[in-house]
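As the structure is a computational prediction, the values presented were derived from the model and not from experiment.
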Amino acid sequence: MKMLSPESRKKWGGSVIRVGGHSESALLLPGSIMGSGNTSVARHSSCLACLARPVTVKRCVVALVLLSTLSILYFTHYLGNHPLSSLIRRDTRPEPAIRCSVAGGPSRVAAAAHDHRSAARLRIDAKVLVFVETTYSRLGREIAELLVYNRIKYKVEVTGKSLPVLTNLDKGKYGVIVFENINKYLNMDKWNRELLDKYCREYSVGLVAFQPASEETLVGAQLKGFPLYIHTNMRLKDAMLNAASPILRLTRAGESAWGQLPGEDWTVFHPNHSTYEPLAWAVRDGPGDQDKIPLMTIVQDHGQIDGIQRILFGSGLRFWLHKLLFLDSLSYLSHGQLSVSLQRFLLVDIDDIFVGERGTRLRQDDVKALLVSQARIQRMVPGFRFNLGFSGKYFHHGFPEENEGDDTILENVDKFTWFSHMWNHQQPHLYDNGTQLAMEMMLNKNFAKEHGIPTDSGYSVSPHHSGVYPVHEPLYAAWKKIWNVRVTSTEEYPHLRPARLRRGFIHRNIMVLPRQTCGLFTHTIFIERYPGGRAKLDESIQGGELFQTIVYNPMNIFMTHMSNYGNDRLALYTFESVIKFVQCWTNLQLISVPPLQLAEKYFQMYPEEADPVWGNPCDDMRHEKIWSRNKTCEQLPRFLVIGPQKTGTTALYTFLSMHPEVSSNFPSQDTFEEIQFFNGKNYYRGLDWYMGFFPIPTNSTSRYLFEKSATYFDGDLVPRRAHALLPHAKLVTILISPARRAYSWYQHMRAHGDEIALNYSFHQVITATDTAPKTLRELRNRCLNPGKYSQHLERWLSYYPPQQLHIIDGEQLRNNPVEVMNELQRFLKLSPPFDYSKHLRYDPKKGFFCQVVSADHTKCLGRSKGRQYQPMEERSYKLLQRYYLSHNTALAKLLKRLGNHVIPQWLKEDLSVL
């Protein structure tokens, strides 16, 4: 297939007029306004000017320039916004020009799509080990981004003196090894090279490597240790694939990518052994017959020499075809472990039906073209229908021929699928009154019933994605009540950019799918005004961003607008072209299903995405704009007391609440002073529910808000969730002897009447085996697991920097709270500092410090705090010291690594007793 250049594909007609650097092209009809009327006006005006004043050349030139400018502006006005624009024929409307042996036919999986799965018992994980030169190298980032886009697990290592651990027991940790720079592999020291090659042979692991660009040009240079020769720094063109290669699976051979390949630093390979087979060729970009000789740009080493299969690339991933071949290489070398699915689901939403300024809406011929295009796409994508989202308020709000277009849409209502937009196209987050929001939705539903539009799709999209994410709870409630919405989509979760990280989630039993953009927006309605022109749009279609979006995403929901289907009908051109291009170059099977079915398939494929991760709306300007105006991030806590339980967190909470510049959350009916948002079912109640526990700031100098939930410390999901919402928050934790903490928790459960704690001794609890009753095992775990301090702290530190973590010695908090609170104030940068020495006093009856309320009275914690109980048995204490030895050792190392942390006395004692 020869891809024509943008210039050769353009069929211009008529005159070209340039305005402000842009050009509009039109074939002027005989006797049209632009053909005669304006010329006559210009001629008569010029005559009048000459009669009124003495004729000079200068004045005539000025008059002609002025009238020419007005004529151009007049022409532009008629072209875009006036009903007479229909009299002007535009030959600039692009038509799909993709041609290849299969384009336009039924979507299928070709016979050449090899199945790389092996019947042998594999001892490797489906994970890629990537060796990069530096953490900032361009190709290394591109490789990582491609792996993330395709949800392939990987680990990045900077090439150095030693290898990472490659095995776990008797299983290989990686299925493919990738070297950003092949020279780093060839020049490894003997020990590491032998170790890596032995791993590859023993576990049947293949290797992918890239030849880097270099200033030195090599001609016929031999790769170190291999009968393979290279020629570097070449300009190439016209890429072709080896149709017989077993590597090809995602990528389809049989076509040629005509034209110059990106870059002038390509490497070509010249093998001197039968172990090598070409995967891709190109020809030299230069004059002469010798330049037609195919040169190997990617070569496969079948491993006949040393038992290791390799695939070597003569350039990086700048060329779009290399990205597909890289994915195929991973699939082949991992024996199918890293294969991506060949099925792609496609849904195209057309938002804003009946919405749009006059002159930009659909006319009758546009709707007919939409139906014709849909029929052509259906031959390539089974089940395809355009999905129309409507706002009934603006029905028949165009020029007469545009209102006819509205009628034509409704005459063909059964040809499309439908979903509800907002009645007045208003953003839902602007509605504080849920009842008003529901009433607006009901107006749209009534309009649908009156005009025969289906109302049972279970799918809806919010204008500008408002209220979907960040979540506006009234929107979800109204959707369920009026439309029984079960599925929506957004491009904003977790963020618009980068698009490869868009994901789905479920909230209030509504499935939210990631939505993709195709490069068309409300204002991109003429090809001449497309940013970068037609060449830029074609670049996105032919191997660029739009093409790669479809290739990398198993499920694609594209956002388009009604205006994209009128005027130059760019959406029809774009989707027909990219679908044909996908058919030409891939073995992907494109199919389309309704949104509800699509959502169910999505969360079957990615069940881990069902749980949302709430981000901070104030960290994304786009999110701030579509977040309720009654919300502010000043209502979120600035630091968290994360626990663990039974270390003195309630005392710390009390002391902090005494500070005039510090405020805690409102109490919960269920969990008292703790919200327990990040580690339980409360998290699914959403951000609005969480923020409802904090006071709304009354001025810009708001107080320090904080939350204390002692169960956060050892929650597996808590650090990730907390960091997503509160990335700048500071963390405060309290540590005491883990053995004494475990015993304190046991006594706490006894005091609260726990049946297991009452019926089993502490020693029986901590020595319970995995065959013990479930309730006993659960109590054992709650006693023991939080005390693995280093393990939990490392998890927190994988999200938060050490500068945001403050560790308090629980024994010091009990014995010298004034000094501890002074240190904490310095850490939190509270100013002016609060003098705790005047507000805390030791109470000999309770055995700890209490709040001073008067000269001779103190206010202490409740009866449950500081309770007295029998000392722990010596055998239990010794057992726990042994149990926590490795954890305490790791904790001591961690504290030294963090710096500015004195090793607590209790830790020294726990480490020195054995």
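A parallel orientation is assigned to the rings of H623 and H495, their planes being inclined by less than 30° (bins at 30° and 60°). The aromatic rings of F505 and W614 sit perpendicular to each other, their planes meeting at more than 60°, with 30° as the lower class boundary.
Proximity of a side-chain donor or acceptor of N665 to a complementary backbone N or O of E673 within less than 3.5 Å is detected. Counting only distance, with no hydrogens or angles, the side chain of Y469 and the backbone of G615 share a donor-acceptor pair below 3.5 Å. At least one donor-acceptor pair under 3.5 Å links the side chain of D189 to the backbone N or O of N192. R777 places no side-chain N or O within donor-acceptor distance of the main-chain N or O of T771, the cut-off being under 3.5 Å. Proximity of a side-chain donor or acceptor of R502 to a complementary backbone N or O of L496 within less than 3.5 Å is detected. Judged by distance alone, the side chain of R741 and the main-chain N or O of Q645 form a donor-acceptor pair under 3.5 Å. A donor-acceptor pair under 3.5 Å links the side-chain atoms of R721 to the main chain of F678, judged by distance alone. Although no hydrogens or angles enter the test, the distance criterion places no donor-acceptor pair under 3.5 Å between the side chain of E674 and the main chain of T671.
T775 is not listed as a side-chain neighbour of E755, based on a closest heavy-atom distance of 4.5 Å or more. Annotation: side chain of Y653 is in contact with side chain of S664 (closest heavy-atom distance under 4.5 Å). Between L146 and Y154 the shortest side-chain heavy-atom distance does not fall below 4.5 Å. Put simply, the side chain of I143 does not reach to within 4.5 Å of the side chain of V128, judged on heavy atoms.
Using a 4.0 Å cut-off between a side-chain N of Lys or Arg and a carboxylate O of Asp or Glu, R138 and E142 qualify as a salt bridge. Comment: D688 engages K631 in a salt bridge, judged by a side-chain N to carboxylate O separation of less than 4.0 angstrom. Classification of R795 and D716 as a salt-bridged pair holds, one side-chain N sitting under 4.0 Å from a carboxylate O. Ion pairing of D770 with R780 is present here, as a side-chain N (NZ or NE/NH1/NH2) and a carboxylate O approach within less than 4.0 Å. The residues E492 and K625 are annotated as not salt-bridged, no charged nitrogen and carboxylate oxygen being separated by less than 4.0 angstrom. With respect to R151 and E609, a salt bridge is recorded, a charged nitrogen being found less than 4.0 Å from a carboxylate O.
With 3.5 Å as the limit, one finds a donor-acceptor pair spanning the side chains of E707 and Y712. Checking Y684 against D611 by side-chain atom types alone, a donor-acceptor pair falls below 3.5 Å. Defined by atom type and a distance below 3.5 Å, a donor-acceptor pair is present between the side-chain atoms of S137 and E180. For the 3.5 Å distance criterion, the side chains of Q825 and H659 qualify, holding a donor opposite an acceptor.
Aromatic rings of Y174 and Y203 (six-membered ring for Trp) have centroids beyond the 6.0 Å cut-off, not under it. For H887 and Y789, the ring centers sit 6.0 Å or farther from each other.
Applying the ring pair (Phe, Tyr, Trp, His ring centres under 6.0 Å) rule to pairs touching residues 809-828 yields H806-F827, sequence neighbours excluded.
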Verdict with reasoning, F834 to H839, per ring-ring contact (aromatic ring centres under 6.0 Å, His included): CA-CA 9 Å; F834 184 66; H839 297 85; 4.4 Å; yes
Step-by-step salt bridge (charged side-chain N to carboxylate O under 4.0 Å, His left out) determination, R897 to E794: CA-CA 12 Å; R897 190 180 85 223; E794 291 285 9; 3.2 Å; yes
CA sep, side-chain torsions, deciding dist, call: Y690, L725, side chain to side chain contact (heavy atoms under 4.5 Å, CB included): CA-CA 11 Å; Y690 181 58; L725 181 61; 3.9 Å; yes
ring-ring contact (aromatic ring centres under 6.0 Å, His included) between Y743 and Y877, intermediate numbers included: CA-CA 9 Å; Y743 187 57; Y877 183 52; 10.0 Å; no
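Shown here for L147 and V130, the closest heavy-atom pair between the two residues is CD1-CG2, 4.0 Å.
A distance of 10.0 Å separates CD1 in I642 from CD1 in I734, rounded to the nearest 0.5 Å. To the nearest 0.5 Å, the span separating CG on D910 from CG on L891 amounts to 10.0 Å.
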